[in-house]
There are 2 protein chains.
Amino acid sequence: MTTILTVDAVLLTLKDNRLHVALFQREAAPYPNVWALPGGYVHEQEDSNAQAAALRVLRDKAGVDAPYLEEFGTFSGRTRDPRGWALTVVYYALVPERSLSDKVTLFPVDDLPELAFDHAAIIDAVAARVRSKAGYSSLPVFLCAEPFTIPELHATYEAVIGEPQNMANFRRKLDDLQILEELPGQLRATGRNRKAQLYKLVAAFKRQLSIRERGF
Amino acid sequence: MTTILTVDAVLLTLKDNRLHVALFQREAAPYPNVWALPGGYVHEQEDSNAQAAALRVLRDKAGVDAPYLEEFGTFSGRTRDPRGWALTVVYYALVPERSLSDKVTLFPVDDLPELAFDHAAIIDAVAARVRSKAGYSSLPVFLCAEPFTIPELHATYEAVIGEPQNMANFRRKLDDLQILEELPGQLRATGRNRKAQLYKLVAAFKRQLSIRERGF
DNA sequence: TCAATAGTGTCTATAAGACACTATGCC
DNA sequence: GGCATAGTGTCTTATAGACACTATTGA
């Protein structure tokens, strides 16, 4: 009996102002017809490393291509998989809702269905990390589809962190980060009110997280 | 051919005011007689999970028992081990120099010998993380053998971070953390000068890191 | 009393948070 | 003009850093 080595991806997005995770329904045993994270074995031929395996899984099972992807950590032991001692490397990604295919189904991270393996514990741990990290990094920008307005980004941060953020301070901190580029003359109206300026991410920060010194 | 799954431990300590890593000389192939991190295969029978495997390796190969141990991340791919596609889960631990056995040899992390596998890259990455983390956490306290004085701890922080820290501010921040417990009446003299108060770690923080909000 | 290190009080600079304000667009 | 949202100026408060000071010990 050999050790089982897999990767799993926690694909997070914002829907109805709540953090959701993308799951799919397993077909094969173990856990047939049970919801699970997109994941699978490392393919030695195709995957140059574990992160490449996670990207492949996201592409094949969730239809998401090359998002911002970060290693979370490993989960291992002899009880988490009925087939034997198993280790999974967990990655997480944040994407805008509209970039998801219909291969996956979204569930609120605080209201999960029954899940295969230890995936419930994995999602809980990742959600906690992401919420904490939102407080001192630019992580949540990856939840907004470009181009976006500051008020949209502001609402995204409030949804992830879970408490109101002062708009004036929010703008000042965003300025300090220097990750946004104004799109001259491009505005977006949300009602019959003043239009908001549109922005995109500065190229250098497209796939790189920006850590704030003192928190959002 | 099956995937290779191992754990490696980066055991760090302070010696001559410089960060050192504990290495041992390999005997078997691959890389016979080359310096390497303490590490090895997961033992499905003995190890309840990967962290337990790392603790076992530290106990057996380095003679260090149950230190503060944290997962760093994984290194994987088909080129890092001549035997095939391999993944290692890297853990790191910080210990006082005098708690190390003579099974291992200490090398400055900035002046390493030739190393097996990708262990040089692993040590570089861990050292960078530890130095960065020293700036906003209580991590370096694990480098001091208890009981210790504030000036000793102060010197440890300066050595890890690499720049002078103001003593008055250092004390204030330590107070805020509330991780030290004064040992009443116990003092230590280092020369013929004023004696320094001895402290031990508060029990609750023995194996738990304390993160500062705003950095040391 | 001197030298050396231990330990403290307090001023200053900076950054975060609170809040009131102005600007724009559509009715 | 009125209302709703976009966006700004500035005061207050918390915290980090600088620095000068006092305290204790052995010689």
Side-chain angles (χ1 to χ4, degrees), chain A residues 17 132-138 140 144 147-159 161-200 210-216, chain B residues 17 132-138 140 144 147-159 161-200 210-216:
Chain A
N17 255 17
S132 154
K133 223 167 165 168
Y136 57 87
S137 79
S138 60
C144 281
F148 48 74
T149 66
I150 306 276
E152 285 164 6
L153 195 55
H154 180 238
T156 300
Y157 268 84
E158 289 192 332
I161 297 175
E163 40 190 68
Q165 302 291 308
N166 180 279
M167 176 60 97
N169 303 333
F170 182 78
R171 284 175 182 276
R172 185 177 47 205
K173 290 170 191 170
L174 265 184
D175 279 356
D176 294 349
L177 282 178
Q178 297 189 347
I179 55 171
L180 296 190
E181 190 178 328
E182 195 175 309
L183 298 172
Q186 299 192 45
L187 307 173
R188 176 181 291 163
T190 40
R192 53 186 166 295
N193 314 312
R194 177 172 176 179
K195 292 167 183 159
Q197 175 63 49
L198 282 166
Y199 294 85
K200 63 172 185 174
S210 188
I211 308 291
R212 287 181 46 71
E213 302 240 335
R214 290 170 189 263
F216 250 99
Chain B
N17 256 18
S132 154
K133 223 166 167 172
Y136 57 88
S137 79
S138 60
C144 280
F148 48 74
T149 66
I150 306 276
E152 284 165 6
L153 195 55
H154 179 240
T156 300
Y157 269 85
E158 289 192 330
I161 296 173
E163 39 191 69
Q165 303 290 308
N166 179 281
M167 176 61 98
N169 303 334
F170 182 79
R171 284 175 183 274
R172 184 177 49 205
K173 290 170 191 170
L174 264 184
D175 279 356
D176 293 349
L177 282 178
Q178 298 191 345
I179 56 172
L180 297 190
E181 189 179 326
E182 195 175 309
L183 298 171
Q186 297 193 45
L187 306 173
R188 177 181 291 164
T190 41
R192 53 185 165 294
N193 315 312
R194 178 172 175 177
K195 293 165 184 161
Q197 176 64 50
L198 282 165
Y199 294 84
K200 63 172 183 173
S210 189
I211 309 292
R212 285 182 48 73
E213 301 240 333
R214 287 169 194 262
F216 249 102

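To find a chain, count down the sequence lines: A is the first, B the second, and so on, and within it residues start at 1.
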_Measuring only between side-chain heavy atoms, which start at C-beta, is A:L153 closer than 4.5 Å to A:L174?_
yes
*Less than 4.5 Å apart, any side-chain heavy atom of A:F148 and any of A:T156?*
no
_Spacing of A:L177 atom CG relative to C:dA15 atom C1', expressed in whole Å_ = 14 Å
*Over how many whole Å does the gap from A:N193 atom CG to D:dA4 atom P extend?*
8 Å
*Measure the spacing between CZ of A:R171 and CG of A:L180 and express it to the nearest 0.5 Å.*
10.5 Å
*Kindly indicate whether the side chain of B:R172 and the base of C:dG7 share any N or O donor-acceptor pair separated by less than 3.5 Å?*
no
*Just call it for A:A196: base, sugar-phosphate, or nothing, with non-hydrogen atoms closer than 4.0 Å on any strand.*
sugar-phosphate
*Over how many whole Å does the gap from A:R171 atom CZ to C:dA20 atom C1' extend?*
16 Å
*If you check every side-chain atom of B:A168, which of C:dA16, D:dC19, D:dG7 has the closest atom?*
D:dC19
_Nearest to the side chain of B:R194, heavy atoms from C-beta on, is which of C:dA6, D:dC19, D:dT10?_
C:dA6
*B:R188 CZ - C:dT5 P separation (whole Å)*: 17 Å
*Do the side-chain N or O atoms of A:K173 get closer than 4.0 angstrom to the phosphate oxygens (OP1, OP2) of C:dA15?*
no
_Distance, rounded to the nearest Å, where B:Q186 contributes CD and C:dA6 contributes C1'_ = 17 Å
*Would you indicate whether the side-chain heavy atoms of B:E182 and B:Q197 approach each other to under 4.5 Å?*
yes
*Length of the CZ-P vector between A:F170 and D:dG9, whole Å*: 18 Å
*Measure the shortest side-chain to side-chain distance between A:E158 and A:E163 over non-hydrogen atoms and say whether it is less than 4.5 angstrom.*
no
*Start at the 5' end of DNA chain D and walk down; is the nucleotide closest to A:R192 or to A:N166 reached first?*
A:R192
*Give the nucleotide from the list D:dG17, D:dT25, C:dA16 with an atom nearest to the side chain of B:K195.*
D:dT25
*asked:* Nearest whole Å is fine: how far is C:dT24 C1' from A:Q197 CD?
replied: 13 Å
*Quickly work out the B:N169 CG to C:dC11 C1' distance and round it to whole Å.*
12 Å
